[in-house]
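Residues take their numbers from the sequence shown, with the count starting at 1.
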Amino acid sequence: MTNLGDLEIFASVVTTGSMSLAGRILGFSPAVISKRIKRLEDRLGTRLLQRTTRQISLTEAGQGFYDRVLAILAGLEEAEAYIAGRSAQMQGTLKISAPTSFGRLHIAPHLKTFMQAHPDLAINLTLTDEFTDIVGGGYDLAIRIAELTDSSLVARRLALVRRVLCASPAYIAAHGMPEDIDDLRRHTCLPPHNHDPWRLDGPKGPLTFRPEGKLITNSSEVIREAVIAGLGIALRSTWDVGPELKDGRLVQVLPAYEGSHSVTLSAVYPSRQFLPAKVRVFIDFLAELYGPVPYWER
């Protein structure tokens with residue numbers, strides 16, 4: 001009978017596309033990974049992987065085998081969860097990556113509730129505004145606010161993201177309210193920390209505007225504080241500046257224009273077919289927490 005560990009190694013190599021990455025995740029050297037894959041192929045009497053110096057790909061037999069291996073591993077995970085009662089009480093460590101501001105405002109305050117419900121589960125939360133390599137970094141999942149284009153990952157949308165143009169009343173009093181998009185060029189804008197242009201949806205459809213200003217920073221939170229302080233006009237998410245918009249510390253500018261609606265808040269993870277119970281439970285927790293209309297929009 002085929003060793004179950006060999007199946008896990010094979011699935012990890014295919015998922016990561018790399019023997020060295022699979023070895024890093026599983027705690028084996030690339031040589032051991034290669035030896036175990038060869039042992040599996042010898043046992044089955046067929047080649048499962050095509051190996052070149054640059055990439056690893058599945059053979060036709062390997063693809064069919066991979067699909068069935070994932071089903072086996074997923075079934076084993078479910079069986080273990082059933083026996084151990086893990087649907088009610090998770091175990092181990094859940095490693096998560098999330099954007100800095102969003103993680104601080106909308107994940108950290110709710111961790112107590114989640115961890116009290118699952119006292120045997122440890123949380124390893126990394127906050128960063130850079131896109132993390134989920135597989136290479138050994139993350140179970142990442143929370144991303146973006147247009148998702150990586151087809152090798154699975155994404156579950158958690159909430160819509162609204163981004164609005166805004167400024168402080170003091171700035172508007174000193175410089176006037178912009179009347180149209182072109183009017184923004186005579187105003188001081190606060191470019192995003194990643195220097196990307198503003199991609200907006202307006203009455204005539206999508207458009208791109210490159211903001212110009214005197215403040216350059218690598219911190220989204222500095223931009224937030226700057227717009228509240230009256231240094232210019234910024235494009236900010238309502239999850240970030242909702243309280244300030246409600247209490248009048250910020251006012252919306254050009255309300256007919258918002259950030260591109262294709263940007264979403266999503267949970268991203270490597271595989272749909274082999275999803276650990278701890279990942280599924282945490283994603284379900286966030287989806288229920290934010291709901292169809294997130295609390296920051298109410």
Side-chain angles (χ1 to χ4, degrees), residues 97-110 125-132 142-147 158-202 206-266 290 294-298:
S97 171
T100 303
S101 297
F102 186 86
R104 178 176 60 82
L105 292 171
H106 301 293
I107 295 179
H110 307 291
L125 176 62
T126 297
L127 299 183
T128 174
D129 290 327
E130 302 299 324
F131 266 29
T132 53
I143 305 302
R144 289 186 175 168
I145 303 172
E147 294 183 52
L158 298 174
L160 294 174
V161 173
R162 282 186 65 233
R163 293 174 299 149
V164 300
L165 295 164
C166 56
S168 73
Y171 176 88
I172 297 300
H175 302 279
M177 179 70 78
E179 297 181 0
D180 55 41
I181 287 294
D182 289 336
D183 202 17
L184 284 180
R185 301 191 187 282
R186 70 174 182 84
H187 283 268
T188 299
C189 293
L190 297 169
H193 70 285
N194 56 11
H195 308 302
D196 287 343
W198 289 344
R199 296 183 60 252
L200 306 171
D201 284 334
L207 62 96
T208 299
F209 179 84
R210 185 169 291 279
E212 295 184 3
K214 297 180 180 179
L215 176 62
I216 305 299
T217 177
N218 67 344
S219 170
S220 175
E221 294 192 341
V222 169
I223 297 296
R224 178 185 186 278
E225 295 306 312
V227 69
I228 294 172
L231 290 183
I233 298 172
L235 179 67
R236 304 302 298 173
S237 297
T238 54
W239 59 256
D240 189 31
V241 295
E244 290 76 16
L245 288 168
K246 290 178 181 178
D247 66 21
R249 282 181 287 167
L250 290 175
V251 295
Q252 191 170 352
V253 173
L254 298 174
Y257 295 87
E258 292 190 352
S260 172
H261 297 152
S262 59
V263 172
T264 60
L265 170 68
S266 301
Y290 303 146
Y295 57 77
W296 56 81
E297 289 282 357
R298 299 171 197 162

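- The closest side-chain heavy-atom distance from D240 to E221 is not below 4.5 Å.
- Around atom CG of D247, more than 12 heavy atoms belonging to other residues, nucleotides or ligands sit under 6.0 Å away.
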Could you go through the side chain to side chain contact (heavy atoms under 4.5 Å, CB included) check for D129 and H193 one step at a time?
CA-CA 9 Å; D129 290 327; H193 70 285; 3.7 Å; yes

Verdict with reasoning, R236 to E244, per salt bridge (Lys or Arg N to Asp or Glu O under 4.0 Å):
CA-CA 11 Å; R236 304 302 298 173; E244 290 76 16; over 6 Å; no

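- Shown here for G230 and Y171, the closest heavy-atom pair between the two residues is O-CD1, 3.6 Å.
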Applying side chain to side chain contact (heavy atoms under 4.5 Å, CB included), run through W198 and C189 and close with a yes or a no.
CA-CA 11 Å; W198 289 344; C189 293; 3.9 Å; yes

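- The environment of CD in E225 is crowded: more than 12 heavy-atom neighbours from other residues, nucleotides or ligands sit within 6.0 Å.
- Y295 pairs by the side chain to side chain contact (heavy atoms under 4.5 Å, CB included) definition with H106, H110, L289, Y290, R298, not counting sequence neighbours.
- Interatomic distance, L235 CG to S237 OG, rounded to the nearest 0.5 Å: 7.0 Å.
- Residues P211 and P192 share a closest heavy-atom pair of CG-CD, 4.0 Å.
- Looking at L127 and I107, their side chains never come closer than 4.5 Å, going by heavy atoms from C-beta outward.
- Each of T132, T264, V263, L158 was evaluated against R144; a single residue qualifies, T132, per the side-chain contact (heavy atoms from CB on, under 4.5 Å) test.
- Minimum heavy-atom separation, A234 to I223: CB-CG2, 4.2 Å.
- At least one side-chain heavy atom of T128 sits under 4.5 Å from a side-chain heavy atom of S97.
- Residues S168 and I228 are not in side-chain contact: their nearest non-hydrogen atoms beyond the backbone lie 4.5 Å or more apart.
- The minimum heavy-atom distance linking I172 with A167 is given by the pair CD1-CB, 4.0 Å.
- In this structure, CG on L165 lies 7.5 Å from CD on Q252, to the nearest 0.5 angstrom.
- In this structure, OG1 in T208 is found 11.0 Å from CD1 in I181, a value given to the nearest 0.5 Å.
- Looking at heavy atoms from C-beta onward, Y257 lies out of side-chain contact with L184 at the 4.5 angstrom threshold.
- Evaluation of the side chain to side chain contact (heavy atoms under 4.5 Å, CB included) rule for D182 yields D180, R185 as partners, not counting sequence neighbours.
- At a threshold of 4.5 Å between non-hydrogen side-chain atoms, the residues W239 and I145 count as touching.
- Side-chain atoms of T238 and E297, non-hydrogen and from C-beta on, do get closer than 4.5 Å to each other.
- Separating the CG atom in L190 from the CD atom in E212 is a distance of 12.5 Å, to the nearest 0.5 Å.
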Evaluate the criterion side chain to side chain contact (heavy atoms under 4.5 Å, CB included) for residue pair L254 and D183; output intermediate values, then yes/no.
CA-CA 10 Å; L254 298 174; D183 202 17; over 6 Å; no

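- Pairing each heavy atom of V227 with each of L250, the nearest pair is O-CD2, 3.6 Å.
- Contacts of S260 classified as side chain to side chain contact (heavy atoms under 4.5 Å, CB included), with partners at least two apart in sequence or in another chain: E147, R163, R199, D201, S262.
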One pair to check against side chain to side chain donor-acceptor pair (under 3.5 Å): S219 and T217. What are the steps and the verdict?
CA-CA 5 Å; S219 170; T217 177; 4.8 Å; no

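- Side-chain contact between R224 and V241: present, with at least one pair of heavy atoms (C-beta onward) separated by less than 4.5 Å.
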